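Working notes, beginning with the structure itself.
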2 protein chains.
Amino acid sequence: MAQSDTVDRILDAAEELFADRGFAETSLRMITSRAKVNLAAVNYHFGSKKSLIQAVFARFLTPFSATAQAAFDDLEKSCDGKAPTLNQTLRALTDSAVRMPQRSERGIAIFMRLLGLAYTQSQGHLRKFLEQEYSEPFSRFMGLLKEATPELSAVDRYWRIQFMLGATAFTMSSNEALRDILANKMGVETSVQEIAARLVPFLAAGMQAKDPMLTPMPCDQKSLAVL
Amino acid sequence: MAQSDTVDRILDAAEELFADRGFAETSLRMITSRAKVNLAAVNYHFGSKKSLIQAVFARFLTPFSATAQAAFDDLEKSCDGKAPTLNQTLRALTDSAVRMPQRSERGIAIFMRLLGLAYTQSQGHLRKFLEQEYSEPFSRFMGLLKEATPELSAVDRYWRIQFMLGATAFTMSSNEALRDILANKMGVETSVQEIAARLVPFLAAGMQAKDPMLTPMPCDQKSLAVL
DNA sequence: TGATTTTTCAAACGTATGTTTAAAACATAT
DNA sequence: ATATGTTTTAAACATACGTTTGAAAAATCA
């Protein structure tokens with residue numbers, strides 16, 4: 001081989017192991033032994049474990065962010081002048097994820113799981129890295145969300161976005177486990193695409209729920225208004 | 001003091017540290033030094049770190065599960081015969097959490113954060129412990145959800161419950177951080193009760209969204225093959 | 001009181017981690 | 001072929017972890 005592929009082998013192994021077991025629970029020795037590379041190679045090529053984690057994310061997040069930006073461009077062009085709907089905006093994002101060129105069949109699942117872990121296994125450095133590296137597509141997405149939900153107050157929108165993020169990150173981060181459970185329990189096979197297709201209407205409906213402050217607080221009785 | 005309070009001091013310290021930093025990232029030395037007890041005390045009183053984690057959960061989950069069961073009883077009694085609505089069911093659960101007697105002012109926040117971590121930091125032993133220890137209130141809640149959403153297919157319900165769990169666990173697990181961000185950004189203070197009050201309508205609306213397979217695809221390009 | 005059990009304590013153990021080192025192997029270009 | 005820069009390797013390093021030990025201290029009970 002003309003050029004060493006050590007770097008890629010490390011990235012491949014790290015990506016899978018991180019997705020399977022999380023960051024802290026994956027040691028450099030596991031990574032290097034799966035990659036069939038010397039232990040010191042990680043520190044030689046990446047500098048540290050933290051940098052390796054960031055590199056794993058950069059490798060799939062950079063092309064994804066470009067794809068998403070293009071999808072946003074298309075979306076704004078296609079309904080020129082008018083703001084894209086919430087469904088369209090969410091769909092543009094999930095489609096970008098689903099259509100990404102994958103390294104393996106597990107590619108999408110790994111991609112989703114890592115995104116979920118990034119929110120969940122809050123490694124401080126990762127948060128900072130992602131925020132400053134991908135702030136543009138992120139805030140563009142936020143802007144689209146704002147235009148698609150003009151009826152919401154800023155505070156309502158803030159919380160509902162958190163709810164959306166939570167539902168998405170959590171579901172996607174354990175998408176393989178959840179799919180297995182469903183297959184065992186009800187004999188139904190599910191693709192990541194289907195999960196996304198089910199998730200979007202759920203999120204859109206929640207986002208557009210009636211104003212939360214209008215729902216009565218519980219007195220001592222459980223008497224509640226219907227919704 | 002007639003009886004040593006070492007056990008409680010350890011539980012208090014562990015509870016806070018786990019909530020702040022997660023399980024793996026909290027060492028026994030941190031716990032024992034905050035609790036001002038000897039390092040060996042944890043292994044003496046609890047046997048192992050795993051058992052300590054379970055004990056922390058049992059201390060607040062056992063009374064909570066009792067409270068929730070009572071709330072479910074009340075709910076079923078109050079609308080006798082008829083099935084409680086989705087909003088009522090969700091509300092019964094969140095109210096039970098909010099009304100729990102708290103050990104501190106952070107009590108609710110810690111409670112939520114730990115519940116979120118239980119789902120998120122999937123310590124295998126914790127999952128098993130929780131499942132076999134609190135399966136009754138859990139499956140009762142699931143039963144109520146099923147009765148409250150008779151129009152959903154089992155598969156749809158399965159996925160939407162996962163979405164609800166995700167939104168809840170994620171939001172609650174970082175509720176303190178999210179509240180701080182909102183306070184800094186928009187000068188709005190938020191209580192955990194308010195988050196719950198906002199979350200419930202979001203979840204209910206998502207749960208009752210129109211059948212996902214019927215939602216139309218965005219305009220021209222994004223039309224996807226059905227599943 | 002004295003005997004016995006329970007609890008505390010400092011110290012050490014064994015293991016695993018991320019990282020560094022310095023020499024060897026390799027590739028490239030003069 | 002020789003020199004130069006890059007990559008790989010085995011070994012060690014320093015540190016942190018959960019757990020165990022055995023003796024001291026405290027509490028309990030006869």
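Throughout, protein chains are lettered first and strands after them, A, B, ... in sequence-line order, and every chain is numbered starting at 1. Computed from a predicted structure; not experimentally measured.
The side chain of B/T6 contributes no N or O atom lying less than 4.0 Å from OP1 or OP2 of C/dT7. Proximity of A/H45 to the phosphate of D/dT6: no side-chain N or O atom is located under 4.0 Å from OP1 or OP2. The side chain of B/S48 contributes no N or O atom lying less than 4.0 Å from OP1 or OP2 of D/dG18.
Every residue meeting the ring-ring contact (aromatic ring centres under 6.0 Å, His included) condition with B/F163, not counting sequence neighbours, appears here in chain and number order: A/F202. With sequence neighbours left out, the side chain to side chain contact (heavy atoms under 4.5 Å, CB included) criterion links B/E133 to B/F129. When the side chain to side chain contact (heavy atoms under 4.5 Å, CB included) test is applied to B/S33, no partner is found at least two apart in sequence or on another chain. Residues meeting the side chain to side chain contact (heavy atoms under 4.5 Å, CB included) test with A/R34, sequence neighbours left out: A/A13, A/E16, A/L17. Contacts of A/F72 classified as ring-ring contact (aromatic ring centres under 6.0 Å, His included), with partners at least two apart in sequence or in another chain: none. For B/Y44, the side chain to side chain contact (heavy atoms under 4.5 Å, CB included) criterion is met by no residue, not counting sequence neighbours. Every residue two or more places apart in sequence or in another chain that forms a salt bridge (charged side-chain N to carboxylate O under 4.0 Å, His left out) with A/R59 is listed here: A/D12, A/E15.
Stem analysis of DNA chain C (Watson-Crick or G-U pairs, both distances under 3.5 Å, runs of at least three) returns C:4-30 with D:1-27.
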Every protein N/O lying under 3.5 Å from an N/O of nucleotides 9-11 of chain C:
unit_1	atom_1	unit_2	atom_2	d
C/dA10	N7	B/N38	ND2	3.4

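Rounded to an integer number of Å, the gap from CZ of B/F46 to P of D/dT20 is 16 Å. Taking atom OH of A/Y44 as the reference point, atom P of C/dA25 lies 17 Å away to the nearest angstrom. Taking atom CG of B/N43 as the reference point, atom P of D/dG18 lies 9 Å away to the nearest angstrom. Atom CG in B/D5 sits roughly 13 Å away from atom C1' in C/dT8 (whole-Å rounding).
Less than 4.0 Å separates DNA chain C from at least one heavy atom of each of the following residues of residues 10-33 of chain B: B/R29.
The closest donor-acceptor contact from the side chain of A/S139 to the backbone of A/M142 lies at 3.5 Å or more, if one exists at all.
In this structure, of D/dT8, D/dT19, C/dT19, it is C/dT19 that holds the atom nearest to the side chain of A/K49.
Applying the salt bridge (charged side-chain N to carboxylate O under 4.0 Å, His left out) definition to pairs two or more places apart or across chains, those involving residues 17-26 of chain A are A/D20-A/R106.
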Please output the side-chain donor-acceptor pairs of residues 178-186 of chain A that fall under 3.5 Å, not counting sequence neighbours, one pair per line with the distance.
unit_1	atom_1	unit_2	atom_2	d
A/R179	NE	A/T190	O	3.0
A/R179	NH1	A/N175	OD1	2.9

Discussion item. Side chain to side chain contact (heavy atoms under 4.5 Å, CB included), that's the test. Do A/L61 and A/F64 meet it? Break it down for me.
Written reply: CA-CA 5 Å; A/L61 226 41; A/F64 169 65; 4.0 Å; yes
